[in-house]
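Remarks on the structure that follows.
Counting convention: from 1, in listed order, for ligands and their atoms alike. Any value given below was found using the heavy atoms of this structure, including those in side chains, with hydrogens, waters and symmetry copies removed. Everything numeric here is computed off the predicted structure, so don't read it as measured data. One is the number of the first residue; the rest follow in order along the sequence.
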Amino acid sequence: MKTLVVYYSLEGDTKFIADLIAEELDSDILELKPQKEVPKDGFKKFIWGGKSVLFKEKPKLVNIITNFEEYDTIFIGTPIWASSYAPPISTFLSNVTISGKKLGFFACHAGGGAEKCFNKLSVELKDNTLLGTIDLVDPLKEDREKVKTQVKRWLHEVT
Ligand SMILES: Cc1cc2nc3c(=O)[nH]c(=O)nc-3n(C[C@H](O)[C@H](O)[C@H](O)COP(=O)(O)O)c2cc1C
């Protein structure tokens, strides 16, 4: 049975956690990349990203997954945008049928919104077994070794 880590990251925090999980579990990893990325500079990202969440956009992705059925465990990672998951995750969720899988959710944020986001994901993916969730505050600004220990401990608890 195989594990997949699938995630979106605009500024690298969620990527950092995704890479850690994939390395620790020796799993496959898929980074969701929108065809048209939100501008990263300054305030523009909040305006464009916020609008995208508000209008429930499903941006087209550059990559598609063809062997999704091979995986029985999926870790889904996202930055928190407006207390929700980022729009590329919406696109992914509407591109694949996820049921009967074991799931883990991970999210990065600047201080709030993870609970709401995880609740939304749980409702969206209710036909699965949730192993657990973890959220981290802008981990790239933290002591990376501490973050690694925290994530590894969580993985031991949920897998
Ligand atoms: C459009 C947008 C909306 C955001 N909304 C929230 C939010 O509701 N709550 C929060 O704590 N952080 C929010 N943030 C901050 C990011 O979630 C946070 O910096 C995260 O660590 C970034 O992850 P990344 O580096 O993987 O992109 C938002 C950032 C953007 C760009």
Expected contact list for ligand 1 at under 4.0 angstrom, heavy-atom basis, is Ser9, Leu10, Glu11, Gly12, Asp13, Thr14, Lys45, Phe46, Gly49, Gly50, Pro79, Ile80, Trp81, Ala82, Ser83, Cys108, His109, Ala110, Gly111, Gly112, Asp138
Checklist entry - Without hydrogens or angle criteria, can the side chains of Tyr8 and Glu31 be said to hold a donor-acceptor pair below 3.5 Å? => result no
Check: Under 6.0 Å from the CD atom of Glu37, do we count more than 12 heavy atoms belonging to anything else shown?
Finding: yes
Residue set satisfying side-chain contact (heavy atoms from CB on, under 4.5 Å) with Leu140, at least two apart, ordered chain then number -> Asp13, Phe16, Arg144
- [ ] Give the ring-plane orientation class for Phe118 versus Phe105, where under 30° counts as parallel, over 60° as perpendicular and anything between as tilted.
- [x] parallel
Students should find that the hydrophobic cluster of Met1, defined by side-chain heavy atoms under 4.5 Å apart, otherwise consists of none
In short, side chain to side chain donor-acceptor pair (under 3.5 Å) pairs touching residues 107-133 with sequence neighbours left out are Ser84-Lys120, Tyr85-Glu124, His109-Asp135
